[in-house]
Asks: 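I'd like to ask some things about the structure below.
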Amino acid sequence: MHRLLSALLVATAVAVAPASPALALDDGLARTPPMGFNDWNAFGCDVTEDLIKQTADLFITEGLRDAGYTYLNIDDCWSLKDRDSAGRLVPDPVKFPSGIAGTAAYVHSKGLKLGIYSDAGTNTCAGYPGSLGRETLDAQTFADWGVDYLKYDNCYNQSDGSQADYIRRYTAMRDALAATGRPIVLSICEWGSSQPWTWGADVGHLWRTTGDISDNWPSLKSIIAANAPLAEFAGPGHWNDPDMLEIGNGGMTATEYRTHMSMWAMMAAPLIIGTDLRSASAETLGILTNREIIGIDQDRLGVAGRVVSDANGLMVLDKPLAGGEHAIALYNSTDVLATIGTPVSRPHRLTDVWTGAVTQARSRIEAAVPAHGTVVYKVKPIRDTGPIAPAVTVGGAIETVTPAAGTPLATTVTNRGVGSLADVRVTVAGPAGWTVTANTTARDRSLGSDESLVTTWTVTAPATVTAGSYPLTLSTAYTWGGRHRSSSASTLVAAVVTPPAGGSRHLSTVRAADFTGSIALDQTVAGNLITIGDHVYTRGIGTTPPTSIRYYVGGECSSLTTDVGGSGFTVYADDTVAASSTAAQSLTADLTGAAWLRLTTTGTGPADWAEPVLTCGEPGPVQPAERTLFSFEGGTDGFGIANAGGGGSVEPATAFHTDGTAGLLVHTPVNGNWFGKALDAPLDLTGFSHLKFDMRVETAGSVGEIAVQVGDAFTWCQGGQWTWTNPGGSRTVSRSFGDISCPAGVTLDPADIRAVWVFLNTGGDVSIDNIRAE
Ligand code: GLA
């Protein structure tokens with residue numbers, strides 16, 4: 001009955017499909033960006049009914065439902081690997097004892113909604129059944145279960161890569177959902193591959209614009225850079241999705257998590273919590289439930305913040321709000337304190353959304369924003385600034401600090417308010433044991449509107465200081481309105497560098513004091529392994545010229561050796577050229593007595609430092625130490641297929657290798673298989689923390705994972721999944737033992753490893769080499 005009925009409805013839906021591609025999916029759903037929870041970021045494949053129910057309970061007890069969070073979304077790994085005899089998806093009865101229907105009923109009883117996950121391919125990314133070609137049945141199954149939201153992924157997509165194919169696969173699910181008659185939000189998850197912002201409004205309610213987020217600053221920064229310029233494509237019922245929130249997962253600072261929340265709100269992004277709410281801190285919950293920020297995200301005008309300016313890592317976004325106010329974000333993606341602003345033609349009242357502070361500004365909305373921070377103001381023009389305090393910014397910049405040497409610091413206090421300040425004083429406080437002295441005046445009797453007081457200082461850290469980041473507090477106190485005494489402060493972070501310890505080490509593992517231009521560690525700027533001729537290097541520094549990188553060596557280092565691929569590479573010992581290149585060659589630079597090592601690249605095209613090694617004090621084996629487990633020099637090293645029936649084959653090959661002259665070529669089956677080797681004797685990797693290997697993949701969308709078997713029972717531990725988005729690209733995969741999770745009751749004992757396996761799929765060719773421990 002159901003199948004026939006939906007087939008008829010699909011035919012109708014196709015017949016009346018809008019001719020104009022500009023028409024949005026106007027079905028009343030997702031008029032503001034969806035808010036909820038998804039298990040993937042915090043739990044990966046470990047989703048259960050219990051987790052969803054407990055999270056639903058917490059939505060109520062922690063005030064998340066009241067704050068607007070509605071959807072409890074189940075991600076990958078919820079089903080069995082096989083469909084039932086009628087072809088229907090089957091929830092894993094161990095993970096979901098009352099099924100998806102029972103879970104949905106519970107969630108609905110709390111006034112919340114349930115989301116599920118499938119894939120516009122033959123399998124989901126984790127290898128469970130996908131919905132390609134089964135759209136009608138699966139959509140009806142989801143509707144029958146009471147599902148309200150579908151995240152629809154893109155692995156195993158069998159695609160020819162054309163945009164038309166993407167539109168066809170996602171439209172098939174749109175129509176199948178529509179045919180069920182149940183309102184279901186469709187979340188398109190194809191990682192921005194086919195520019196879904198140009199077609200997604202007709203097809204789904206939101207579309208991912210980027211690859212997967214991870215819980216670290218470089219990931220957050222790159223996603224903001226990619227998503228913010230797409231503002232014009234978002235609106236009620238059709239949103240850009242820069243992926244789910246990582247707030248609370250521990251890989252970023254509170255400042256970075258506030259930037260995450262602030263920028264998602266400014267970009268009118270879905271707010272899908274991705275942390276374990278059962279153990280979330282008060283700080284995490286405070287960020288997630290900030291009413292002002294949520295109000296900006298959920299504003300009913302539904303306009304995503306426009307990029308007003310974006311230069312040197314400083315971005316200003318402007319989001320008009322329904323009540324006539326605007327939200328202005330001042331986002332600092334750089335690693336230092338920065339004063340960011342945008343001009344206005346008349347005085348404005350500013351409310352800092354995170355602190356609640358209210359100030360007024362005459363001609364410029366501005367703030368001193370900490371590294372990786374974002375200030376969000378709600379602003380509106382005012383006639384009379386009356387008793388509102390002026391906006392006063394305290395900026396500053398300091399050079400890299402070395403032990404016991406005077407380092408210059410400059411502070412700038414600016415009065416952005418209407419009216420003058422009187423008796424302005426500036427102070428700088430450093431950590432205990434540091435000295436800070438003013439070289440120029442730190443006082444001003446009067447500071448007019450839009451005037452600045454610049455003071456220079458000398459900062460000295462003790463001789464015994466250790467390398468790291470140290471806060472300096474820049475403060476100002478002033479009188480405004482003739483009688484109110486107020487103050488403002490900023491935190492400036494000083495980077496202290498000390499010479500590297502004795503021995504030889506890969507320069508990519510040494511912290512640079514500073515750099516200019518585009519650089520990447522242990523890969524090219526484009527994200528591949530560094531290659532010169534047919535030599536593929538796993539260590540080095542990729543650059544796009546012009547670049548300059550400085551290291552403090554403090555007179556303690558003797559030499560730098562490196563390979564380079566052409567001309568335009570120069571190594572400086574202080575201001576002296578210690579080595580430079582005219583062709584592909586190996587360079588050795590004498591650094592004796594130098595305080596600073598500087599590497600520059602000039603010219604055009606990628607210019608990569610291949611395996612630079614710095615020697616300080618006594619030379620020794622190059623750190624960090626690695627132990628090679630399989631190098632494929634003598635053939636396949638016994639590597640084979642774990643599941644004989646799953647297909648695939650391996651052969652020795654010389655086309656791709658990162659050590660010696662040979663690697664391994666793997667012909668993968670479409671649905672994947674594990675490749676590797678059971679060991680003759682247990683392997684002892686005590687003292688190592690990572691498994692690494694180098695690979696090149698020809699097909700985008702391929703996914704992989706590492707597994708090791710431990711103990712006499714050869715128990716599988718697996719994890720560290722990746723998705724390959726760079727066809728023909730190469731890289732080093734590195735996974736810590738902590739990324740590899742074992743079944744309950746089993747621990748990954750590094751001293752007792754019985755087999756090492758790698759999961760590979762897509763039906764394409766994958767090259768691997770040099771499986772090792774670090
Ligand atoms: C893809 C998606 C992720 C997540 C995983 C699940 O990588 O982009 O958000 O759903 O699949 O396997």
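Bear in mind the structure is a predicted one, so any value in this text is a computation, not a measurement. First listed ligand is number 1; within each ligand, the first listed atom is number 1.
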Asks: What do we get for Cys155 next to ligand 1 when only non-hydrogen atoms under 4.0 Å count, side chain, backbone, both or neither?
Replies: neither

Asks: For Cys125, counting its heavy atoms only, list the atoms of ligand 1 lying under 4.0 Å from any of them.
Replies: 1 (C), 11 (O), 12 (O)

Asks: Would you please say whether a donor-acceptor pair under 3.5 Å links the side chains of Trp199 and Ser194?
Replies: yes

Asks: Could you check which of Asn73, Asp153, Ile213 puts a non-hydrogen atom nearest to atom 1 (C) of ligand 1?
Replies: Asp153

Asks: For atom 8 (O) of ligand 1, state which one of Thr124, Asp212, Asn38 supplies the nearest heavy atom.
Replies: Asp212

Asks: Return yes or no for this condition: an N or O of Trp191 is under 3.5 Å from an N or O of ligand 1.
Replies: yes

Asks: What do you reckon, does Trp40 have a nitrogen or oxygen under 3.5 Å from a nitrogen or oxygen of ligand 1?
Replies: no

Asks: Inspect the contact between Lys53 and Asp50 and indicate whether a charged nitrogen and a carboxylate oxygen are less than 4.0 angstrom apart.
Replies: no

Asks: Would you check if the side chain of Ser214 reaches a backbone N or O of Asn216 as a donor-acceptor pair within less than 3.5 Å?
Replies: no

Asks: Does the pair Tyr69 and Phe37 meet the rule for a ring-ring contact (aromatic ring centres under 6.0 Å, His included), with working shown?
Replies: CA-CA 8 Å; Tyr69 293 95; Phe37 166 86; 10.0 Å; no

Asks: Can you list the ligand 1 atoms lying under 4.0 Å from a non-hydrogen atom of Cys189?
Replies: 2 (C), 8 (O)

Asks: Indicate yes or no: does Asp119 engage Arg169 in a salt bridge with an N to O separation below 4.0 Å.
Replies: no

Asks: Using heavy-atom distances only, which candidate in Asp75, Asp39, Asn41 approaches atom 4 (C) of ligand 1 most closely?
Replies: Asp75

Asks: In Å and rounded to the nearest 0.5 Å, what is the CZ to CG distance from Arg65 to Leu112?
Replies: 6.0 Å

Asks: Report, in ascending order of atom number, the atoms of ligand 1 lying under 4.0 Å from any heavy atom of Arg208.
Replies: 8 (O), 9 (O)

Asks: Tell me whether Asp138 is salt-bridged to Arg83, with the criterion being a basic N under 4.0 Å from an acidic carboxylate O.
Replies: yes

Asks: Can you tell me which residue and heavy atom of the protein come closest to atom 12 (O) of ligand 1, and the distance to 0.1 Å?
Replies: Asp76 OD2, 2.7 Å

Asks: Where is the nearest protein heavy atom to atom 9 (O) of ligand 1: which residue, which atom, and how far?
Replies: Lys151 NZ, 2.8 Å

Asks: Can you name the side chain to side chain donor-acceptor pair (under 3.5 Å) partners of Thr48, sequence neighbours left out?
Replies: none

